[in-house]
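Being a predicted model, the structure only gives us computed values, none of them experimental.
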Amino acid sequence: MFAYPYPVGANWEETAVADANVRIPAEARDRLAEVAAAEGLSSRAYLARLASTLLTPAERAERAERARAVLREWSGYDPTEEEAAQADAELDRRLARALVR
């Protein structure tokens with residue numbers, strides 16, 4: 001739909017082709033409306049802009065593979081799946097410890 005960064009002055013209301021109703025808790029609706037209003041957007045426009053910036057699982061996997069290829073070419077580092085899993089676990093452990101502090 002839209003590429004990031006967002007086109008300056010884009011009229012998000014006019015770009016919508018179809019509407020959809022999404023049921024969310026009132027607190028979430030109110031928060032989205034507040035955030036959207038603070039940015040000068042309607043909730044609809046804010047959600048359209050947000051959706052245009054999110055990656056699908058396939059897009060995330062593709063981006064991760066490209067990053068691994070660049071890392072391999074730049075440094076020669078090419079971890080096995082087991083080594084990558086161990087590194088992920090270590091990072092998760094360190095992040096959890098840092099967040100507790």
Side-chain angles (χ1 to χ4, degrees):
M1 190 164 167
F2 298 110
Y4 180 83
Y6 323 115
V8 175
N11 186 340
W12 306 98
E13 297 289 337
E14 292 178 5
T15 59
V17 176
D19 286 335
N21 291 319
V22 178
R23 298 175 75 78
I24 60 172
E27 298 82 18
R29 178 205 60 216
D30 295 345
R31 182 167 176 80
L32 283 169
E34 183 179 345
V35 171
E39 295 192 27
L41 299 170
S42 67
S43 295
R44 169 194 273 177
Y46 181 78
L47 288 171
R49 186 179 77 175
L50 177 63
S52 72
T53 67
L54 300 174
L55 299 175
T56 66
E59 290 166 333
R60 284 194 306 272
E62 178 185 337
R63 190 173 283 190
E65 182 49 43
R66 285 196 320 254
R68 283 190 293 272
V70 167
L71 180 61
R72 271 190 306 272
E73 183 160 328
W74 177 72
S75 70
Y77 181 64
D78 190 13
T80 64
E81 286 188 31
E82 183 180 334
E83 290 168 331
Q86 289 172 352
D88 286 346
E90 177 65 15
L91 179 59
D92 289 344
R93 187 185 67 73
R94 290 181 185 204
L95 285 171
R97 190 174 69 207
L99 294 174
V100 171
R101 294 181 183 178

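Counting all heavy atoms, side chain and backbone alike, Leu55 lies closest to Arg60 at O-NH1, 2.9 Å. In terms of heavy atoms, Pro79 sits closest to Ala84 at CB-N, 4.2 Å. Of all heavy-atom pairs between Ser42 and Ala36, the closest is O-CB, 3.6 Å. The shortest heavy-atom contact between Asp78 and Glu83 is O-OE1, 4.4 Å. When every heavy atom of Leu50 is checked against every heavy atom of Thr53, the shortest pair comes out as O-OG1, 2.8 Å. Closest non-hydrogen pair, Ala33 versus Ser43, comes out as CA-OG, 3.5 Å.
Here CG of Leu47 is found 11.0 Å from OG of Ser52. Values are rounded to the nearest 0.5 Å. Here the straight-line distance linking atom CZ of Arg97 with atom CG of Leu99 works out to 11.5 Å at 0.5 Å rounding. With rounding to the nearest 0.5 angstrom, the CZ atom of Arg68 is 7.5 Å from the CZ atom of Arg72. In this structure, CG on Leu95 lies 10.0 Å from CD on Glu90, to the nearest 0.5 angstrom.
Within a 6.0 Å radius of CD in Glu59, more than 12 heavy atoms belonging to other residues, nucleotides or ligands are found. Sparse packing is recorded around CZ of Arg94, with 12 or fewer heavy atoms of other residues, nucleotides or ligands lying under 6.0 Å away. Within a 6.0 Å sphere centred on CD of Glu81, other residues, nucleotides and ligands contribute 12 heavy atoms or fewer.
Grouping Ile, Leu, Val, Met, Phe, Trp and Tyr residues whose side-chain heavy atoms lie under 4.5 Å apart, directly or via other members, places Tyr77 in a hydrophobic cluster with Leu71, Trp74. Val100 belongs to no multi-residue hydrophobic cluster, having no ILVMFWY side-chain contact under 4.5 Å with any other such residue.
If you chain together hydrophobic residues whose side chains sit under 4.5 Å apart, Tyr46 and Ile24 fall into the same group.
Using a cut-off of 4.0 Å between Lys/Arg side-chain N and Asp/Glu carboxylate O, Glu34 and Arg31 are scored as not salt-bridged.
Within the 4.5 Å cutoff, the side chain of Arg44 has heavy atoms near those of the Asp19 side chain.
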